[in-house]
Amino acid sequence: MSHEHGKGMSIIVKTITRFTVGLIFLYGIYIVLHGHVSPGGGFAGGVIIALSFVHLMLAYGKEAALKKLSKRATSILESTGAMLFLLIALLGFTGGYFFLNFINKGEPFKLFSAGIIPLCNIAIALKVGAGLFAIFVALVLLDLDSEKKE
Amino acid sequence: MIELYILLIFMIIGAIIAIQVKDLLSSVVAVGAVGLGLSIVFLILKAPDVAITQLVVEILALIILIRATLKKDLPFSPTGRWFLNTLIAIVFVGTFLTVACKAITDLPQFGYPAMRVAKIYLEKGLPMTGATNLVSSVILDFRAYDTLGEATVLFTAVIGVLTLVRKVGRKKEGKTIKEEDE
């Protein structure tokens, strides 16, 4: 990424970001997937995933981050998360009522257990992560706009 | 128990600094210190879920606040209707403290739950949902309807922000002035 040195922060920040941003993203996914086993869950994991993209944007400038996750993809992901959560809730009607835990419970302390709870966590994480990143992108773009006018 | 009071005093001092300091960036940093203190309080009270969420949201809010406020000269006027403002503040704080003194004596002791519903969740949470994280089983199984409402609130907030600060569809400044002239 040597051609992008003009934008964003200094080379020290960029190098450290290159090492850490993937780890932060992975940690967010871990928090989401293990939300039903250990502390965490969809909301916190989603915010961590959004923070990894914010990290990328702060260090490398907005073009680099928007190339990884464009504004259009963000809005599609957010709507997908919301619809997925509602779909899981509505699928409960196959067995009786809204938000019925219709999948087999499985063994405790295993990754694939607790029925619909991991699926709900993934849906909420998509929604929260994409939504908060969209808010950040909107505020950053607005900021740049007002600077240009002045 | 003593560490809770130390953190509480730390948070109060941070909040006072955040209000009193003139520099905007220092104020935002002081607010962040208050939030980090609150997340440590949640950890001491054995609520790691809330602590993780508080810490992470605090960092995101701090970044957004710094990005949104650092480069702008926000109008800051210490003069004005200070007498009326101070009077209203004193009256409200006095009313709040008087009512709170009455109400807090009726609350249960610190550490005892106010509602007895939690006992059923603690006993039957694992066999009924299969989730070992009880917080997760409550917010996504027993009380999933509330979580749906919370998700809807966030969805609406995102739509509101994107609608207010979007680029597409906004009129240029020259155009609006022209229309006002006509």
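All chains are named by letter (A, B, ...) in the order of the sequence lines, taking the proteins before the strands, and each is independently numbered beginning at 1. Since the structure is predicted, the reported quantities are computational estimates derived from the model, not experimental observations. All values below come from the heavy atoms of this structure, side chains included, with hydrogens, waters and symmetry mates left out.
- The cluster map of Ile, Leu, Val, Met, Phe, Trp and Tyr, joined by side-chain heavy atoms under 4.5 Å apart, puts B:Leu36 and B:Val31 in different clusters.
- Hydrophobic clustering (ILVMFWY, side-chain heavy atoms < 4.5 Å, transitive): A:Leu90 and A:Met83 are in distinct clusters.
- Note that CD1 of B:Ile52 is 7.5 Å distant from OG of A:Ser38, once rounded to the nearest 0.5 Å.
- Remark: side-chain polar atoms of B:Asp49 are not paired, donor with acceptor, to backbone N or O of A:Pro39 under 3.5 angstrom.
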**Message:** Would B:Leu148 and A:Leu86 count as a side chain to side chain contact (heavy atoms under 4.5 Å, CB included) here? Give the steps.
**Reply:** CA-CA 8 Å; B:Leu148 183 64; A:Leu86 205 58; 3.7 Å; yes
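- Looking at A:Ala82, the atoms closer than 4.5 Å to chain B (heavy atoms on both sides) all sit in the side chain, from C-beta outward.
- Interatomic distance, A:His36 NE2 to B:Leu134 CG, rounded to the nearest 0.5 Å: 13.0 Å.
- Comparing B:Ala47, B:Ser137, B:Ser136, B:Ala51 by heavy-atom pairs within less than 4.5 Å of chain A, the highest count is held by B:Ser136.
- Neither the backbone nor the side chain of B:Gln54 comes within less than 4.5 Å of any heavy atom of chain A.
- Linking Ile, Leu, Val, Met, Phe, Trp and Tyr whenever their side-chain heavy atoms come within less than 4.5 Å puts A:Leu77 and A:Phe136 in one cluster.
- Ranking B:Leu154, B:Ile159, B:Val158, B:Leu55 against chain A, the residue ahead of the rest is B:Val158, based on heavy-atom pairs under 4.5 Å.
- Taking all atoms of both residues into account, the shortest heavy-atom contact from A:Lys127 to B:Ala151 is NZ-O, 3.3 Å.
- To the nearest 0.5 Å, the span separating CZ on A:Phe133 from CG on B:Leu60 amounts to 11.0 Å.
- Options A:Ile88, A:Val137, A:Asn121 differ in how many heavy-atom pairs under 4.5 Å they form with chain B, and the most are formed by A:Asn121.
- The two residues A:Ala138 and B:Leu162 have their closest heavy-atom pair at CB-CD2, 3.7 Å.
- If you chain together hydrophobic residues whose side chains sit under 4.5 Å apart, A:Val128 and B:Tyr145 fall into the same group.
- If you measure heavy-atom distances from A:Ile124 to chain B, the contacts under 4.5 Å come from the side chain alone.
- For chain A, no part of B:Thr152 is nearby; none of its heavy atoms comes within less than 4.5 Å.
- For B:Val56, the parts lying under 4.5 angstrom from a heavy atom of chain A are both the backbone and the side chain.
- Shown here is B:Leu97, whose CG atom has more than 12 heavy atoms of other residues, nucleotides or ligands within 6.0 Å.
- Atom CZ of residue A:Phe43 and atom CD1 of residue B:Ile139 lie 10.0 Å apart, to the nearest 0.5 angstrom.
- Cluster membership check: A:Tyr30 does not share its hydrophobic cluster with A:Leu26, using side-chain heavy-atom separations under 4.5 Å among Ile, Leu, Val, Met, Phe, Trp and Tyr.
- Both the backbone and the side chain of A:Val37 come within contact range of chain B, judged by heavy atoms closer than 4.5 Å.
- Atom-to-atom distance recorded for A:Met57:CE and B:Ile63:CD1 is 11.5 Å, nearest 0.5 angstrom.
- Scanning all heavy atoms of the two residues, the minimum distance from B:Phe155 to A:Ser79 falls at CE1-CA, 4.3 Å.
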